[in-house]
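Note that these values count all heavy atoms, side chains included, but never hydrogens, waters or copies made by symmetry. In what follows, every chain begins at residue 1, and chains take the letters A, B, ... in the order their sequences are listed.
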Protein chains: 2
Amino acid sequence: MSTKRTVPRKVTISQIAKEAGVSKTAVSFAFNDPSQLSPATVNHIRAIAERLGYSPDPIARSMTTRRTNALGVLLPLDIAATMANPFFPLFLRGVGAVCGATGMTLMLVPPLWGSMLKAIPHATVDGFIVVGLEIDRGEVQQLRRRRVPFVMVDGNAPEDIPAINVDDRQGARAAMMHILSLGHRRIGIVSLESWHHRYEDFTSTIAARLAGYREGLAEYGRTIDDPDIQMVTVSTSRAGGVEAFTRLWRSESPPTAIVAMSDITALGVLEAAKAHGVRVPDQLSIVGFDDLPEAANAAPPLTTVHQPIEEKGRLAAEMLVAALDDEESEPVHHLLPTELLVRGSTGVPVWSAQPVST
Amino acid sequence: MSTKRTVPRKVTISQIAKEAGVSKTAVSFAFNDPSQLSPATVNHIRAIAERLGYSPDPIARSMTTRRTNALGVLLPLDIAATMANPFFPLFLRGVGAVCGATGMTLMLVPPLWGSMLKAIPHATVDGFIVVGLEIDRGEVQQLRRRRVPFVMVDGNAPEDIPAINVDDRQGARAAMMHILSLGHRRIGIVSLESWHHRYEDFTSTIAARLAGYREGLAEYGRTIDDPDIQMVTVSTSRAGGVEAFTRLWRSESPPTAIVAMSDITALGVLEAAKAHGVRVPDQLSIVGFDDLPEAANAAPPLTTVHQPIEEKGRLAAEMLVAALDDEESEPVHHLLPTELLVRGSTGVPVWSAQPVST
DNA sequence: CTGAAAGCGCTTACAG
DNA sequence: CTGAAAGCGCTTACAG
């Protein structure tokens, strides 16, 4: 509305300087450090910038300041798959809280053409939060090369890299022991697909939870190879849970309890069970992992293992911001606690009136 | 592992050029256009880059290419509040699908120090998807200044800006008429807080849904000012829904039906109703808006208005990418349909055995 | 097949 | 209080 004719292609600091009859330095100061200039000059420059419709180029600015003011979240899966699990939005709430407090922006960095390795050098960010990195195929080296700080969440981090994990093993152990203490013998385990589709290469998270299940079984003199124990592996989604139920339920002797490595799959199991007319927990007990908000609101409320998801995001972002401000900050490894939350989806199996005591 | 001593602070193209005895041009070509160089030179340069642990600077690259390969999603609320509604992750799945297909990254751009206006010039992105922009307080002008393409979703866009909206009015109208056709007379409406907390300035979305409710009421000779119609305004979250139920239920003549402007609040209402021992739909009918995945899985399944959330994200991203590639692309305004989905949370009110016919 | 040079749009000592 | 100049690390015509 204040422009006379169509504004030129792109207004730069030089044009303003020329128009205002001052140096580029002055123009820069007018916006970034007005105290360096006389009020009259500042007003003059700003008026011209306004008239020309000037908008500073953030890239050029970053070029000299060496800052983008963006935090990167490096993802092992594409954005659509990542967002399919409510875990992630919750995690981002934690990260986002720190972004808001520090005036930073949040960049989601999925694999580029299927490769995390390729994505790392391209992202214009000041640092990375690396989530769920499984077996390292050079990603850590690539991140070091980039010479930006990074923190690893739910992964197997080298000693010198800040990291956050939760006590997956302990939580999984408690979940399995809970089921066994109720007297269940025929148990289905719902494991999760590793994103690179190689069964042997478990995520540290998956490996830890599996180890916890094994420990819990061992406490009751059982092993995971017991014929009464069946394990299926599905994608970390509601659909994966539905599939898990279907596969477990059609066996000749279906489980009386299903132990799932994540709430989203447990919820899928619950949904499928109800659709099949299976009563939970009377005919089937279900226990999850994560404690998503929807777990407590399910019908019946889902017994699960709580982990501080949002807190992980916040902590990761705080550690990253600290590393950004202070190159020399000590890399610390956090191990956050998990807690079994017994709700309505687990109970004594129908065929056994009395729970087995520990 | 291939470096001899600690690598220097930051490896640049110049250092490699010097070390390799070639020009910077050659180094650039070795990575971006190897066909310009003899294979021997390429290998030589790459080997040195490898030894030095070179990682190209994405900012410097963007500086000359004028591309960041990042799509920005401009948010009216901070990231934590945005992620509190499952609507958003779903929307991002759509956007993310396009990012994956085009090799772009996704940047979440919340208000900077409380101001969208301030956030716009700083984000290092090639274009914006602007979601839920309410009354324009200069944001559109600021976006134009930036001279990057942008598309508006769920907002009131100028003619020359590409835009996507859904038929909120029609959907809301259908929802209200459904309730009235069942015979309900005492109705609670759950409206949503506008993010700038000025009741008069409705989001176009909120305004359109409200208009739809009014139209539906009018079809039955009713108005929103009818003493039997109560409206409460809460935040777009599950907690907001709980609050809405509490406020509506404590009135001397509580509603027999609650019509909510979003599923997340409707689910909160449902949760609170169940917690109070109120049977749905026998004692209280509930209808939502959005058709989140959890709506169908609620107990009872939520009657709601479907809108194509993921599709909106995909379409918005596609339009933005098109505008990025072709400056001259025609700005089109999409209006996507909505559809009432009658499920288990609505029914005939207890005090009336026969529904009123239309 | 290779190199010298200009340029992208800013910021920031440094000098006056 | 103000300006000339260097520099951030790349890419890209252009010339040879």
Side-chain angles (χ1 to χ4, degrees), chain A residues 7-46 48-49 52-69 121-126 145-148, chain B residues 7-46 48-49 52-69 121-126 145-148:
Chain A
V7 284
R9 205 91 205 85
K10 171 89 188 176
V11 185
T12 71
I13 220 179
S14 312
Q15 290 171 43
I16 297 174
K18 179 152 45 158
E19 193 93 358
V22 297
S23 70
K24 295 190 300 174
T25 308
V27 179
S28 180
F29 281 154
F31 293 106
N32 304 321
D33 193 2
S35 69
Q36 299 286 304
L37 263 34
S38 70
T41 313
V42 171
N43 290 337
H44 180 221
I45 292 172
R46 286 194 177 164
I48 295 200
L52 262 32
Y54 172 67
S55 185
D57 183 332
I59 292 288
R61 168 181 261 262
S62 291
M63 183 79 183
T64 60
T65 61
R66 314 306 304 158
R67 279 283 199 149
T68 63
N69 281 314
H122 284 90
T124 52
V125 298
D126 292 331
R145 264 199 183 205
R146 247 282 226 157
R147 285 177 182 70
V148 293
Chain B
V7 283
R9 206 93 205 85
K10 170 88 186 177
V11 185
T12 71
I13 221 179
S14 313
Q15 291 171 41
I16 297 174
K18 179 154 46 162
E19 193 94 358
V22 297
S23 69
K24 294 191 301 174
T25 308
V27 179
S28 180
F29 280 155
F31 293 107
N32 304 320
D33 193 2
S35 71
Q36 298 287 305
L37 264 31
S38 71
T41 313
V42 171
N43 289 337
H44 179 221
I45 293 172
R46 287 196 176 162
I48 295 200
L52 261 31
Y54 172 67
S55 185
D57 182 331
I59 292 287
R61 166 181 264 262
S62 292
M63 182 80 181
T64 59
T65 60
R66 313 307 304 159
R67 279 283 199 150
T68 63
N69 280 313
H122 285 91
T124 53
V125 297
D126 293 332
R145 265 198 182 207
R146 246 283 226 159
R147 285 178 181 69
V148 294

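If you check every strand for non-hydrogen atoms under 4.0 Å, A/T25 touches a base. If you check every strand for non-hydrogen atoms under 4.0 Å, B/T41 touches sugar and phosphate atoms only. Residue contacts shown for B/V22 are limited to sugar-phosphate atoms, with no base heavy atom under 4.0 Å away.
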side-chain contact (heavy atoms from CB on, under 4.5 Å) evaluation trace for B/D57 with B/T12: CA-CA 8 Å; B/D57 182 331; B/T12 71; over 6 Å; no
side-chain contact (heavy atoms from CB on, under 4.5 Å) between A/V22 and A/L37, intermediate numbers included: CA-CA 11 Å; A/V22 297; A/L37 263 34; over 6 Å; no
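Applying the 4.0 Å criterion to OP1 and OP2 of C/dG9, one finds that A/T64 has every side-chain N and O outside that range. In terms of phosphate contacts, A/S28 brings a side-chain nitrogen or oxygen within less than 4.0 Å of OP1 or OP2 of C/dT11. Taking side-chain N and O atoms only, B/T12 has no distance below 4.0 Å to OP1 or OP2 of D/dG9. The side chain of A/T65 places no N or O atom within less than 4.0 Å of a non-bridging phosphate oxygen (OP1 or OP2) of C/dC10. The side chain of A/R61 places no N or O atom within less than 4.0 Å of a non-bridging phosphate oxygen (OP1 or OP2) of C/dG9.
Formation of a donor-acceptor pair under 3.5 Å by the B/R61 side chain with backbone atoms of B/I59 is not found in this model.
Rounded to whole Å, atom P of C/dA13 lies 9 Å from atom CZ of A/F29. As rounded to whole Å, 7 Å separates atom P of D/dC10 from atom NZ of B/K10. A straight line from CD1 of A/I59 to P of D/dT11 spans 14 Å, rounded to a whole angstrom. In this structure, the CZ atom of B/F31 is 16 Å from the P atom of D/dG9, given to the nearest Å. Regarding B/M63, its CE atom lies at a distance of 11 Å from the C1' atom of C/dT11, rounded to whole Å. Atom-to-atom, NZ of A/K24 to P of C/dG7 comes out at 12 Å; the value is rounded to the nearest Å. Spacing between atom CD1 of A/I13 and atom C1' of D/dG3 amounts to 13 Å, rounded to whole angstrom units. In this structure, the CZ atom of B/R67 is 24 Å from the P atom of D/dG9, given to the nearest Å.
D/dA13: no Watson-Crick or G-U partner with both key distances under 3.5 Å is found in any strand.
When each of B/Q36 and B/A60 is assigned the nucleotide of DNA chain C with its nearest heavy atom, B/Q36 is the one assigned upstream, toward the 5' end.
Shown here for A/A30 and A/P34, the closest heavy-atom pair between the two residues is O-CG, 3.7 Å. The two residues B/S55 and A/P121 come nearest to each other via the heavy atoms OG-CB, 4.2 Å.
Residue B/R66 has its side chain nearest to C/dG9 when only D/dG9, C/dG3, C/dG9 are considered.
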